[in-house]
Amino acid sequence: MKRLPENDSEKSSNLTEKNSTESVKAEQPTPAAPARREFLRASLLGTAAIATAAAKPLVAGDVADARKSVVFAGDVPAFELDEITISDLQDGMKSGKYTSRSITEKYLARIDAIDKQGPALNAIIELNPDALSIADAMDKERKDKGPRGPLHGIPILIKDNIDTADKMMTTAGSLALLGSHAPKDSTVAQRLRDAGAVILGKTNMSEWANIRSNHSTSGWSGRGGQTKNPYALDRNPCGSSSGSGAAVSANLAAAAIGTETDGSIVCPSSTCGIAGIKPTVGLVSRTGIIPISHTQDTAGPMCRTLRDAAILLGALTGIDSDDPATAESREHSYTDYTQFLKEDGLRGARIGVVRRTFGFNEEVDKVMEAALETMRKQGAILVDPAPIESAGKFGESEFTIFLYELKADLNAYLAKLGPNAPVKTLKDIIEFNDKNSAKEMPYFGQDTFLKSEEKGPLTTQEYIDAVAKARDLARKEGIDATMDKNNLDALVGPTGGPAWLTDHINGDSFGGGSSSTAAVAGYPNITVPAGFVHGLPVGISFFGRSWSEPVLLRVAYAFEQATKVRKAPGFAPTLNI
């Protein structure tokens, strides 16, 4: 959900134009089975206190700088698949060095050593008990028929709000959905299976994708506890796709799927030092994903490299009759996005610098200035600044949309679970949380849920007006207007700031970012690592028009290849700064 209240930062940017290729007047700063299920629920509710106790913030200590790869409780064991790519894994299986089973076993061992023990990232909420048997089947098929494609036999993690019709639950991190098994695969899960991927497990997340309360702590869920940032364990991984970001960064799987309503793919990708793609709404089906807002929700890839993310995106696209939004992608989707990855993709590209999103952190600004200079050297034409005049004017409408659509969409999702669903409505969830407040609400409440429950149907004029206003401001008067005026290929801004200290008392401490305009518009947004601030990664976002994934991939990949910023995390207990 929208967990970056100042995403299109309304804080004043004190920066001046620096050597922009085109001289443009500076932007004016803006002010600042039922019996079994019930047994399982009772058992896990009884042990949930352990998870929440473990979720308390770590106390900062005097240790070496995280940039020196200080690790938790001794050395993290060397890992054979560290930083390996999907293509490398395929080459290994082709040569006989690896099998899908051996790769899966290695990742399971890595999860046991790093996620459950040692640094104890707590990124994985549940492992797939069938993972090894699926890997065996993929190995046999490879031998008998050859590989299905680039994901054949590749272990992938998916977020715990994405349905799988198997032995794993889908709970969005909530104790209210313990024992909930989806009657059928989500379209995302089915397409992964069709591509031959091994669904390795599900990742922890900000409970209910951070929509339960405006005072939440990202990466915490009642079921899963607190996910940690692999660069500094007392810092936050951002959310709501917290576990997906932390797991991929820590090399717990080849890749992962996250979901975003506003910032939930790109922010954890940024703070965990990986690449993330938030596609145009409708490019990837949302069927079988626990929703917030059908206006803005989408799933997308989270990977260590943009090439891996492009491979994964191609497996997810396509028309789904159960998700009407996908019909619009008919002439805009591809099964192979790697064709758009060009090392010289910045040459001649017109890039608009959204200065409004700068200014919230001086060190982030330095990283961004270095990134802009790299783009110039790679032949990009920078229009600096390229103001989005409507930015910051649609936040209230966006929240109104969330309140209406959360109730309507979540109730519709729960109804599809059938008569054995643990809860049937948002009202049931609210009542469950009240009855189990010690375990579900030890740090923050459910104020947003309560506001949503008060809303009427989607025929209410307030909702209709909010949708029209938000879309017009973010699309026609926002991204489209800015790009048309300046003849741009893409817009750029800082994805967010460095990871903040996890604080369950005060909640999240977002500094700023750039996700909101693209999120409200339903337009694509790609983030890649841009640099480090005191050893903590920060990303740069490339966003633009609807269905512009090919262009954004081209320029983002060129930047990634020119900089190669990504460095594996060191699992430092804290930063010495």
K.L.:
Taking all non-hydrogen atoms of both residues, which atom of Ala310 and which atom of Leu553 are closest, and how far apart?
P.N.:
CB-CD2, 4.4 Å

K.L.:
Dump the intermediate steps for side-chain contact (heavy atoms from CB on, under 4.5 Å) on Asp185 and Arg193, then the final yes or no.
P.N.:
CA-CA 10 Å; Asp185 271 340; Arg193 296 190 204 278; 2.6 Å; yes

K.L.:
Salt-bridge test for Asp163 and Lys184: reply yes if a basic N is under 4.0 Å from a carboxylate O, no otherwise.
P.N.:
no

K.L.:
Quiz question: by atom type and distance under 3.5 Å, do the side chains of Thr203 and Ser244 form a donor-acceptor pair?
P.N.:
yes

K.L.:
Compute whether any side-chain donor of one residue and acceptor of the other, for Thr287 and Asp322, lie under 3.5 angstrom apart.
P.N.:
no

K.L.:
Can you sort out the partners of Asp480 under salt bridge (Lys or Arg N to Asp or Glu O under 4.0 Å), two or more places apart, ordered by chain and number?
P.N.:
none

K.L.:
Do Asn236 and Asn229 make a side-chain contact, defined as non-hydrogen atoms from C-beta onward lying under 4.5 Å apart?
P.N.:
no

K.L.:
Decide yes or no on side-chain hydrogen bond (donor to acceptor under 3.5 Å, both in side chains) for Thr495 and Thr527, but give the supporting numbers first.
P.N.:
CA-CA 7 Å; Thr495 307; Thr527 183; 2.7 Å; yes

K.L.:
On a heavy-atom basis, which atom in Asp160 and which in Met205 lie closest, and how many Å separate them?
P.N.:
C-SD, 3.9 Å

K.L.:
Please assess Arg356 against Ile388 for the test side-chain contact (heavy atoms from CB on, under 4.5 Å), listing each intermediate value before the final yes or no.
P.N.:
CA-CA 8 Å; Arg356 182 188 181 91; Ile388 299 176; 6.0 Å; no

K.L.:
Salt bridge or not for Asp484 and Arg545, using N-O below 4.0 Å?
P.N.:
yes

K.L.:
Over all heavy atoms of both residues, which pair between Gly219 and Ser206 is shortest? Give the atoms and the distance, please.
P.N.:
N-OG, 2.9 Å

K.L.:
If you define the side chain from C-beta out and look only at heavy atoms, does anything of Lys393 sit under 4.5 Å from Glu477?
P.N.:
no

K.L.:
Side chains of Asp308 and Thr85: do they bring a donor and an acceptor to under 3.5 Å?
P.N.:
no

K.L.:
Would you sort out whether Asn251 and Arg304 count as a side-chain contact (heavy atoms from CB on, under 4.5 Å), showing the intermediate values?
P.N.:
CA-CA 9 Å; Asn251 288 277; Arg304 288 180 294 274; 3.1 Å; yes

K.L.:
Would you please name every residue forming a side-chain hydrogen bond (donor to acceptor under 3.5 Å, both in side chains) with Lys407, sequence neighbours left out?
P.N.:
none

K.L.:
On a heavy-atom basis, which atom in Val528 and which in Ala556 lie closest, and how many Å separate them?
P.N.:
CG2-O, 4.3 Å

K.L.:
Would you kindly say whether the two SG atoms, from Cys272 and from Cys238, are closer than 2.5 Å?
P.N.:
no

K.L.:
Is it the case that the side chains of Ser249 and Arg566 hold a donor-acceptor pair, with the cut-off being a distance below 3.5 Å and no angle test?
P.N.:
yes

K.L.:
Does any part of the side chain of Thr326, heavy atoms only, come nearer than 4.5 Å to the side chain of Ile319, both counted from C-beta?
P.N.:
yes

K.L.:
Decide yes or no for Leu410 and Trp208: does some side-chain heavy atom of the first lie under 4.5 Å from some side-chain heavy atom of the second?
P.N.:
yes

K.L.:
Excluding sequence neighbours, so at least two apart, what forms ring pair (Phe, Tyr, Trp, His ring centres under 6.0 Å) with Tyr107?
P.N.:
Phe79

K.L.:
Please report the C-alpha distance between Thr259 and Asn161 in whole Å, then the side-chain angles of each, then the deciding distance to 0.1 Å, and finally whether the side-chain hydrogen bond (donor to acceptor under 3.5 Å, both in side chains) criterion is met.
P.N.:
CA-CA 8 Å; Thr259 66; Asn161 59 350; 3.0 Å; yes

K.L.:
Check the orientation of Tyr334 and Tyr337. Use parallel for under 30°, tilted for 30 to 60°, and perpendicular for over 60°.
P.N.:
perpendicular

K.L.:
May I ask you to test the Ser241-Pro268 pair for a side-chain heavy-atom distance under 4.5 Å?
P.N.:
yes

K.L.:
List in chain and number order the residues that pass side-chain hydrogen bond (donor to acceptor under 3.5 Å, both in side chains) with Lys366, two or more places apart in sequence or in another chain; answer none if no residue qualifies.
P.N.:
Glu363

K.L.:
Could you verify whether a donor N or O on one side chain and an acceptor N or O on the other, from Lys202 and Thr170, lie under 3.5 Å apart?
P.N.:
yes

K.L.:
Please tell me if the side chains of Ile274 and Ser269 come closer than 4.5 Å, counting only heavy atoms from C-beta onward.
P.N.:
yes

K.L.:
Who passes side-chain hydrogen bond (donor to acceptor under 3.5 Å, both in side chains) against Asp323, sequence neighbours left out?
P.N.:
Arg286

K.L.:
Can Ile289 and Asp297 be said to form a side-chain contact (heavy atoms from CB on, under 4.5 Å), step by step?
P.N.:
CA-CA 9 Å; Ile289 299 177; Asp297 288 348; over 6 Å; no

K.L.:
Testing the basics here: between Thr261 and Gln296, what is the closest heavy-atom pair and its distance to 0.1 Å?
P.N.:
O-NE2, 2.9 Å

K.L.:
Less than 3.5 Å apart, any donor N or O on the side chain of Glu560 or Thr305 sitting next to an acceptor on the other?
P.N.:
no

K.L.:
With a 3.5 Å cut-off and no angle check, do the side chains of Asn214 and Thr448 form a donor-acceptor pair?
P.N.:
no

K.L.:
Check whether the side chains of Asp508 and Ser218 place a donor and an acceptor atom closer than 3.5 Å, and report yes or no.
P.N.:
yes

K.L.:
Assess whether side-chain hydrogen bond (donor to acceptor under 3.5 Å, both in side chains) is satisfied between Glu462 and Thr400, documenting all intermediate values.
P.N.:
CA-CA 8 Å; Glu462 180 188 37; Thr400 297; 4.8 Å; no

K.L.:
May I ask you to test the Tyr463-Ile401 pair for a side-chain heavy-atom distance under 4.5 Å?
P.N.:
yes

K.L.:
Testing the basics here: between Arg307 and Leu341, what is the closest heavy-atom pair and its distance to 0.1 Å?
P.N.:
CA-CD1, 3.6 Å

K.L.:
Please check if any side-chain donor atom of Glu405 sits under 3.5 Å from a side-chain acceptor atom of Thr295, or the reverse.
P.N.:
yes

K.L.:
Any side-chain heavy-atom pair from Lys159 and Ile257 closer than 4.5 angstrom?
P.N.:
no

K.L.:
Taking Lys469 first and then Glu396, would you say they form a salt bridge - that is, a charged N and a carboxylate O separated by under 4.0 Å?
P.N.:
no

K.L.:
Mind checking side-chain hydrogen bond (donor to acceptor under 3.5 Å, both in side chains) for Ser548 and listing every partner two or more places apart, or none if nothing turns up?
P.N.:
none

K.L.:
Does CD in Glu362 sit with more than 12 non-hydrogen atoms of other residues, nucleotides or ligands closer than 6.0 Å?
P.N.:
no

